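Just so it is clear, the structure is predicted and the values come from calculations on it, not from any experiment. Chain letters run A, B, ... following the sequence lines, proteins first and then strands; every chain starts at 1.
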Amino acid sequence: MCPAPSPTPEPDPPATGQNVTSGAAVHDLTKRFGPVQALGGVTLDFPGGQVTALMGENGAGKSTLLKILTGDHQPTGGRITLEGQPLTLESPARARAAGIRIIPQEPEIIPYVSVAENVYAGALPTSAGRRLDRTELRRRVTADLDRLGFTGVLDPDLLGSQLTPAQRQLVEIMRAVTGEAKVVAFDEPTSSLSEHEVDALFRLIRRLRDQGTAVIYVSHRMQEIFQLADRIAVLRDGNLVGVQDARSTSVDELVRLMVGRDLSTMFTRRRADRGRLVLDVKDLTTEDVRNVNLQMHAGEVVGLAGLVGAGRSELALALAGDRPVLSGTVTLDGQRLRHGRPGEVIRAGLGLAPEERKAQALFLHRSIRDNSSLVVLERLRRLRFVSRAAERKLVQQYADRLRVRAPSIEHEVRKLSGGNQQKVVLARWLARKPKVLILDEPTRGIDVGAKAEIYQIIADLAEEGVALLVISSELPELLGLADRVVVMQNGRVTGELGHEDATEEAVLSLAMADDIAGVTPAGASS
Amino acid sequence: MTTITPQATKDAPPGQGAVGGSRTLLSFVGGQNLSLIGALAVVLALFGILNENYLSVSNMQVIAEAATITGLLAVVQTVVIICGGLDISVGSQVGVASVVSAMVFTSTGDNALLGVAVAVGVGVLVGVLNGLVIVYGRVNPTIATLAGLAAYKGLAQLLSDGRAQGYVLNDDIFVFLGRGKVAGIPAMVWILIAVAVAVHLLLTRTDIGRNIYAIGGNDTAARLAGININKYLVAVYALIGVVAAIAGILLTARTGSGQPTSGSEGLELKAITAAALGGCALRGGKGGIGGTLLAVALLGCLENGLTVEGINSFWQNVAQGALLVIAVVIQQRRSGERAVGLPT
């Protein structure tokens, strides 16, 4: 059963044999989270003096790989080498000391201290008696700024709270490259940067590369990858599916590598005629989504696709009344919803099973009964007193229907598996009998058996006339379930595909529409 | 097929007794509070051996009367802690209510009912003010009520000129509240029992109670389930105001006059300690009235025992502070969270 990685007696030769003594490499690296195999034996090198781009769909294993390299996660199996020497990274501090650095997506900045102290936080220069040596601190930071070419862009005396998003990023970069950095990883670094700032960042990355540093660059943006990368490694479902030379590959080739997975797992359901219009979203604009138009009909399953950060979950929360709406309208079965009122939205007939079920939906220390009955209590009470008998009967009914596996409905939710927890969230909304149900990543982190059950529940609900909006980063799942797929990027809807036209390639093209448009294969080299 | 057997649903949750009566009692007490009962037994046995009068009926009545005001505040403190908040201004609220009840009584020609009504009214106002500051000022509950602790104490002192005010023991209602007995049990203890039962029913049997647990357990999830968190918080702080006012009226009845600070200072510490000892998770979402009342009894018996044995009251303060820390440390250990970052 458990494909325990057998430690290979001989080290695998890394994918490209050049210059094995500089940079880092991973050999047959595996990582499991409970039942989920996040990495299934990846062998890849990150040679010094090159930019290696990591690509892949959401959940392909890019972040896991980075987190193992930075000591945040411990691998289940496999080896890591740095400059040809084996290395164990039991903690982030160890990885840092070894010279492996990462620039995280969201910079961690201490708000009320200076840039200089932010850069050297944890390793501030001190003179006798542990007094902060401000002169030395200043000298070091000025030298760093000069070396990295940031002089004039970043004033070392600014406070953390005064920095622009780009400057925050620069502080993280300075932290990463102070001391001796042998491997520097960038995780989607450009998402908060302007074009001008991106240019500066790219100059820095090239300089790091030319100094012999191994650069790892994770991004969804094709255009950037073709500008920067020397090699492009593509991950899919935790496995390395190819390492391409950036000069000879193409967008099409990369997309094919990213999606080309076994489609036999696809779920299909009988498609009914669409019913009456139940949800009508017109020009909805919030802080995170722009001018979204969406119509949903009774008995219809609409898939919402897009990459991480495209604004899908933000749209779901806005529809549930939990985000301030700047403009636009949401009409549910003829009733115009006021924003900022989740209770009113629920009474109108819309339910949301949010993305993070533990953080956003469940009360982990309460029972299945308490968790399931929360939004139907007002139907179970008389003079404010909840009828326990009626409550038990109702919860039992839905627990049975959804096959929640637990000793009893009094069982605490935190003791359930992920799949059963998800079913408890579904039971809550099923009991409410909504007209529209939004399911944000309903199958994330749950085992295959429970997934199949949840697909069946979705199909049954559609059969009963519920309009379902399903958000999923697993494209085959989405394509199998949905009658049509709406694709988002950067907070906007970039297209809609009917069931017949919705292929993985088509969806992914729309999900990366902005970036692909800017790439000409001829200018592919850096 | 589902593995929830019909039998399992009929049975009580694991850990509860099989016999009907004791099961109800246990569910009121809460199974995990058996250790509190144990501690209470140890305290009673210890002081009972040291002093033969300790376990007498009259001393038990003294303990019960002394613990009543703390008990009232601990009950409502439990509610606000379950809801994810905290109220450290309760002691000062008691002082305000005590002064107001006595002064209104005196100035209206000894109208006890009016004194009680105005004190409760002021309690509601103070509670609502706390709630509004927290909800609309977005002030952390600890800070907001710390400000209240100072401000309401000052208010009580201003109203009373810093002195005890009025004399109420010429009135039958106040005499009954302070000294009366029903079925051999002091009237004020009956009031505590009534409030405790009402709040217990509110928490466990109504949708309001469920929503309070939900807000404290996971405020994001509660919001997404359509619960109006702001409304609930203001209402909970108003409830505290009402019950603190009742406690203030009882303080007036017991001492015979309106007390701005004497008898109410430090009650917030006792109330919070009782709630924490009683099993309330200070981050919210967990706790119950049964455990809190047991902890009130434990604290009351301990305090009385130490006094009877002639232990310096300064030491009692040390003991109380230590108990609060110990209660929270035990909670944190039990919760089994990763010991990193700032404790919540």
- [ ] With a 4.5 Å heavy-atom cut-off (strictly below), which parts of residues 336-350 of chain A touch chain B? List them by number.
- [x] A:Pro342, A:Gly343, A:Ile346

TODO: Sort by residue number and list every member of residues 379-390 of chain A having a non-hydrogen atom under 4.5 Å from chain B.
DONE: A:Arg381, A:Arg384, A:Phe385, A:Val386, A:Arg388

Open item on the list: Tell me if the CD atom of A:Glu287 is crowded by more than 12 foreign heavy atoms within 6.0 Å.
Closed with: no

Open item on the list: Would you say CD of A:Gln397 has more than 12 non-hydrogen atoms from neighbouring residues, nucleotides or ligands within 6.0 angstrom?
Closed with: yes

- [ ] Identify the heavy atoms of B:Gly217 and A:Phe363 that sit nearest to each other, and give their distance.
- [x] C-CD2, 4.2 Å

Task: Nearest atoms (heavy-atom pairs only) where A:Leu374 meets B:Ala214 - done: CD1-CB, 4.1 Å

Task: A:Leu317 and B:Leu224, any side-chain heavy atoms less than 4.5 Å apart - done: yes

TODO: Kindly give the heavy-atom pair with the smallest separation between B:Asn218 and A:Ala361, and that separation in Å.
DONE: ND2-N, 4.3 Å

Task: Residue, of A:Val375, A:Leu352, A:Val395, A:Asp370, that accumulates the most heavy atom pairs under 4.5 Å with chain B - done: A:Asp370

